[in-house]
Every structure is written in structure tokens, then in C-alpha cells.
Amino acid sequence: MVFSPPRIFRLVLTIIGLPGFIFCHFLADAQVPADENGAAGQPVIAANASESPSQIKASEVQVQALELIPEDRHYRELLAEAVASAYEGRGFRSLWNDDQLPPNLHRGLANALASHAFPQLMALDPENLIPRITSETVDKQDLANTVAILDAGLLIRLGIVPTAAIWEQWDRGDTPGEDGRSAEAISNDLILASSITPFEMERVMTGLGPKNWIYRELRKALPEAKQAILQYSGLPNIPDPATAGVGRPGDAYPYAPAIGAHLADRGYLDMPEEEIAALSQITPELAAALIAFQSDYGLDSDGVFGPASWRYLNTNAASRFRSVVINMHRARLLPNDFGDRYLFVNLPSAELFAFEDNDFLASSMRIVHGQASKDTHRTPSFRDVMQEIVFGPYWNVPKSIAVKEILPKAQGDWGYLSRNRYEIVEHFNPYNKNSHRLSPQNLELVSQGRLFLRQKPGPTNSLGRVKFLFPNTNNIYMHDTPAKAFFARANRDYSHGCIRVAQPEELGKWVLSAQGWSGEQVKEAMFADSWKSQPIEKDVNVFITYFTTFPRPVIGGKIVLAPARDVYDLDPKDSRTLSSVLPWEEPPATTIPSGGQ
């Protein structure tokens, strides 16, 4: 008889002495029913006549490993396949040197998980796995150690929930970057980890875990963020300038001491505490420190303490810890290697970064992205490969925008379409130069989707003078815009979903520099006011992401851990999705819309 081992989950609630922090952990205990002779259930493996003896053994190991892995691990099959592959590659010899493993491997795995923002109780105890192993194909102790170690490694590498539970569209269409999520890649990393001599838990988990630089920087911040919760920092709260008033250089400002204390704590202001406490205005020294802070965090470097600077500076320990943990779990979704040249968009900070070899920052700029107030306008997180730049683009007006926004204006103002360089066409082929005359009948056909509106190239075109295409099911791309004023705003969610870039000429130059284009050639093509397509010959990977705490790179190699606006209110949503591994209890969802300007 074959038994599927049932799992009993006990909910362990540990409440620490912090208001509102409730730690929820699930502990998986396994019980394996015995047969009539008292022996543990033996899995039955149907051998394929075409399989070699080695493949049959690997199948036995795979089935056995699968039975040891908790049912709630979404990567169970992947782990079992990787374990079987590793043993097969080693001729079914032991992977680990028992003499070099720590005396209490379970405790070591628990501590390793805690250092990667997981509950310690999720670690599997190899000693509890051994009695459940019935196969003699490999050493039982070694198999138990392997399953426990790789389970911890894959929790760190792949997370507690599938990628789509956080970023629904991340693995759709093109998926640039080296993910390392295949059984082969995991098996290879497992074999490398087992060869580390002497055994070092940190090195083993680093080899099995995420390898991207964003996860690495967020993890660096975790110990300090965690420790800050347990001790009183003494930093005063700064009132929101939106209600308390903006502080300008040279002006008297009652909250100057609080600003100074926070800037000193971040290392931007070198001033004795008593002098900071005595501040009564935004002095030149305080303004200079604020300007340096603003520059590092991508804000307007003007020394004015307004709502944007307040959002980044006035953070408390609990919110910082919460954000670091949530964003560590997001960073697990990223590839180990982003590619040789890539663009990285972070929606909460409304910024774009261009990287070259070895994650070297080449350029950065502000963006405008999809409106938070309308679900259909929100820009999703996804990845793709840029394939084309179009100079002098037409704007092919989507039917929804044509019907809801443009046709009402055209029907009330017969000159609206011509003044704004719109034309009525049968299709969007850019080589089609024929258009239909303006008439009530043709406007009706546009509303029915039988004719279309497009805007001609030129300075007033809604896409500006250039667009950057990475074909995807969302029809999202990057483009220039005539509406430059939006880039100066702190909240930059104003588009219908596409990404407007503040410095399109610079972006075009960077993308095409690998093909020998100069800045002058890009500028000439942009201002020709005629349509021109330029294929991209060398891959530029595009990653559109969502990090509310972001390791923001600064030219020169510096990285600052920057808080960002949770523009789409995804932190609470993702907290509920990750509730089984987070040390707090997220309140139920509300129906209040977010994203107000």
C-alpha cells in the first residue's frame, strides 16, 4: 500500500513587545502511516523499460525526496528533480561530508532563514526526515541533509509563493535575464554548494539563493532595520509640510531641529547635537545637507523641505523594517543576471535607470507612469526586450481613448482634430499616407472601431518625438512627451499606462550607442518630424518593477536605500499574500481607492 504522508500545520503565534507586531509562523509536522508490519509506507515506482539503471535510481530518489518536502512548498517538484539530478551526477554518492557539517544543522538552517526574512520555524530538521526515508539508493542521512539544505535555499531563492502571486505578468512573453529557476541550474548550484570546504552556511545559502544586486543590498539593510525596532532612536517626528508649511532656505522654520536630527542620523549633516537642537531656521548648513540628501534620492536639489523630501526623510523604524522585508520578497523574483545592457524602471519612485556591463549605472531619469486612480491605467510589473526605436512616431489612438476623450471634443469643436494634427485612417500602418475627410459619418465609424484616429508626427504629438518599443500584450512602451511639466511633480502617475521619459534624447543616445550612433544623429532623427523606424541590433532588456524601498544607485557607485511612494497600494496586498512568513498581521483589504494626486 502507498501512503501520501499527511501534514499537520500548527499555527504558532509569538507576540513581541512592539505594538501591532504579531509574528505568525506555520510549523509543518509530518506523520507517515505504517503498513500492517509496522514499516513506513514504501513508494511504488513504475520502471520504464527504456530507462537505464541510473535513471531508475534517479527516479527513486526523486520520488523519495518529493515525499519529504512540505505540501505548501510551491517548488516541491523542482526541488525533488534537482536533488535526483545532483545525486545522479555524483553517481549516487553522498553530497556532504558529515565531518564538516555543523553539529546542529537544523539550527544553522533556521538562523540562515531568519537572516533572509523567513521564520526560523520553516527550517526542516534532517533528523525528523530520516525515519521517513525508505529508499536505500543513497545514504539516508545525506539525503535528509540535502533536502533540508536545498529547501532552505529554495525558500530564499524562489520565495514562499509563486512569482505570479506577486507580479502576475512577470513570467509572460519574453523573460530576459538569467533566472536560474530550472532544475538543472538548481542542481548545479547544489553540487557547487556541497563542494564548499569547510562547510559555511552563509556561503552555501548565498550560492543557492538570489544573486541579483537589488536583493543583496536589501538584505544588507535587514539587520539594522530589525535592530532599530528594538531600540529607541530618539529621532523626532517631522510634521507633513503639506499641512505644516514648506521650509525654504533662509526662512525661519520651527521644525528645523527635527530635519537636522534626521539628516545627521543619515550622515548628511555634521553638526553637534546641541547646535541642531538650537536651529530656528533653514540655515545654509542645513540647506546644503538637505540638497545632498535630495540629490542622492532623486529629488529636486533645491534645499526646500516640502512633501517629497518629507516622505523620504521622515520614516520610522517599524515602517522601514516592514518595507525592507516586503521588498526582499519581491527581489527574489528578479533574475540573477539582468544582462549586459538593461533598463530598470521602478514605478514607486517613478525613475528609470540604464545599466551596462557588471551593473554599471550609465544614466538615470524621471518617468511618468500609469495613473493609480484608475485600475485600467496602472502600469504592471513585467519584463521584455527592446526591439525598435521609432523617430517621429504616429500616435495610434486606442479606441477607448478615442471614444471617451477625443471624439466628444471633436464633435463639439469641428477644428479640434486638425489643430491637434489628428487624422482619420483605415489602419495604423505607418506607411499608409491616406486619410479620410472629417464628417459625422466618419466620426461614427471611429466610434464603432471601423475607422481609426492617429496623430501625425510633430512637436505636439502625444508621444513626443520618439518612442521605444518592447512589444508586449499590454501595449506599453516608453516615449517622449510634450507635457514636460509632469516630470517636476513629486507624484508622477499621470499616463494611461505607458512610460513617459524625461530625457528621451539621452535615452535614445544610450540605446543606440552600441550601434555607433552619436548624440547628434539621435537629435537629428528626433527633430526631422518624419516617421523613421530603427531596429535595435544589440539586446536591451527592460525590467518594469515595483519596489517601495529601493537600493537607488547614484552616479559614482554609491547606493542609498530609498523609500518610495506605494503608489498602487501594493504593500498591504503583498503582505496579505505573504502572511505566512511575515512577522506582522496585515489588516483586511479596504475598498477605498488609492493614488490621489
Side-chain angles (χ1 to χ4, degrees), residues 173-174 176 341-343 345 352 354 363 365-370 379 382-402 406 420-435 452-484 486-487 495-544:
D174 290 337
R341 304 180 82 237
Y342 64 95
L343 296 173
V345 171
L352 176 151
S363 180
M365 64 191 67
R366 292 183 175 185
I367 63 166
V368 170
H369 60 81
T379 306
F382 70 101
R383 50 182 167 159
D384 221 296
V385 180
M386 189 173 290
Q387 297 182 7
E388 180 186 10
I389 294 180
V390 176
F391 297 102
Y394 288 98
W395 179 38
N396 301 325
V397 182
K399 181 184 175 184
S400 60
I401 297 178
I406 298 179
N420 291 280
R421 296 176 59 80
Y422 288 103
E423 58 185 358
I424 301 172
V425 294
E426 290 184 6
H427 51 75
F428 287 141
N429 187 326
Y431 295 102
N432 171 36
K433 304 301 180 182
N434 298 321
S435 62
F452 306 94
L453 288 180
R454 74 177 180 187
Q455 194 175 29
K456 299 176 186 177
T460 61
N461 185 284
S462 294
L463 306 184
R465 297 183 180 275
V466 62
K467 67 178 179 179
F468 306 83
L469 300 180
F470 35 100
N472 55 84
T473 57
N474 302 294
N475 196 27
I476 287 175
Y477 46 88
M478 298 176 186
H479 64 87
D480 181 19
T481 177
K484 306 292 187 184
F486 288 108
F487 295 114
S495 81
H496 288 82
C498 284
I499 296 170
R500 308 173 191 172
V501 295
Q503 300 169 48
E505 188 175 330
E506 180 179 338
L507 180 58
K509 177 183 175 182
W510 179 81
V511 170
L512 292 175
S513 62
Q515 297 173 214
W517 281 55
S518 66
E520 280 302 313
Q521 287 176 298
V522 171
K523 185 176 182 179
E524 181 180 346
M526 283 179 60
F527 286 84
D529 288 341
S530 59
W531 183 89
K532 177 182 178 181
S533 171
Q534 176 61 50
I536 296 175
E537 299 168 2
K538 297 187 178 181
D539 283 354
V540 174
N541 296 336
V542 178
F543 301 93
I544 300 174

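The model shown is predicted, which means the values in this text are computed figures rather than measured ones.
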**Report entry** D174 side chain near Q387 side chain, heavy-atom distance below 4.5 Å
**Finding:**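 Yes - at least one pair of side-chain heavy atoms lies under 4.5 Å apart.
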**Report entry** I544 side chain reached by H369 side chain, heavy atoms, under 4.5 Å
**Finding:**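 They are not in side-chain contact.
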Do the side chain of [X] and the main chain of [Y] share a donor and acceptor less than 3.5 angstrom apart?
X    : Y    : answer
Q515 : L512 : no
T379 : G370 : yes
R366 : F487 : yes
E505 : V522 : no

Can you list the residues that meet the side chain to side chain donor-acceptor pair (under 3.5 Å) rule with [X], with sequence neighbours excluded?
X    : value
R421 : none
N474 : Q169
N461 : none
S513 : R341

Which residues satisfy the salt bridge (charged side-chain N to carboxylate O under 4.0 Å, His left out) test with [X], sequence neighbours excluded?
X    : result
E506 : none
D480 : K484
R383 : D171, D179

Report task. Assess whether side chain to side chain contact (heavy atoms under 4.5 Å, CB included) is satisfied between I389 and I536, documenting all intermediate values. Result -> CA-CA 7 Å; I389 294 180; I536 296 175; 4.1 Å; yes
Report task. Output all residues satisfying side-chain contact (heavy atoms from CB on, under 4.5 Å) with Y394, sequence neighbours left out; order by chain, then residue number. Result ->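 Result, side-chain contact (heavy atoms from CB on, under 4.5 Å) vs Y394: N396, E423, P430, K433, R454, P457, W531.
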Requested in this report: Taking side-chain contact (heavy atoms from CB on, under 4.5 Å) as the test, write out the residues that go with N429, two or more places apart.
Outcome: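 Here the qualifying residues are H427, Y431, N432.
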Report task. Could you tell me which residues satisfy ring-ring contact (aromatic ring centres under 6.0 Å, His included) with F527, sequence neighbours excluded, listed by chain and number? Result ->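 With sequence neighbours excluded, F527 shows a ring-ring contact (aromatic ring centres under 6.0 Å, His included) to no residue whatsoever.
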Requested in this report: Please collect all ring pair (Phe, Tyr, Trp, His ring centres under 6.0 Å) contacts where either partner lies in residues 459-482, sequence neighbours excluded, each pair once.
Outcome: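 Found Y477-H479.
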Requested in this report: Go through the steps for V368 and I499 under the test side chain to side chain contact (heavy atoms under 4.5 Å, CB included), then give the verdict.
Outcome: CA-CA 6 Å; V368 170; I499 296 170; over 6 Å; no
**Report entry** Shortest non-hydrogen contact between S462 and P482, atoms and distance
**Finding:**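 Minimum heavy-atom separation between S462 and P482: O-CD, 3.8 Å.
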Query raised in the report: Where do F428 and L453 come nearest, in terms of heavy atoms and distance?
Result: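 Taking every non-hydrogen atom into account, CE2-O, 3.4 Å.
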Query - Any pair counted as salt bridge (Lys or Arg N to Asp or Glu O under 4.0 Å), so long as it reaches residues 510-537, sequence neighbours left out - result: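 Sorted pair list: R465-D529.
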**Report entry** Gap separating the CZ atom of F382 from the OG1 atom of T473, nearest 0.5 angstrom
**Finding:**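 So the gap between those two atoms works out to 7.5 Å.
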Query raised in the report: Any idea how Y342 and F543 line up, ring-wise: parallel (<30°), tilted (30 to 60°), or perpendicular (>60°)?
Result: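 Perpendicular, since the angle between the ring planes exceeds 60°.
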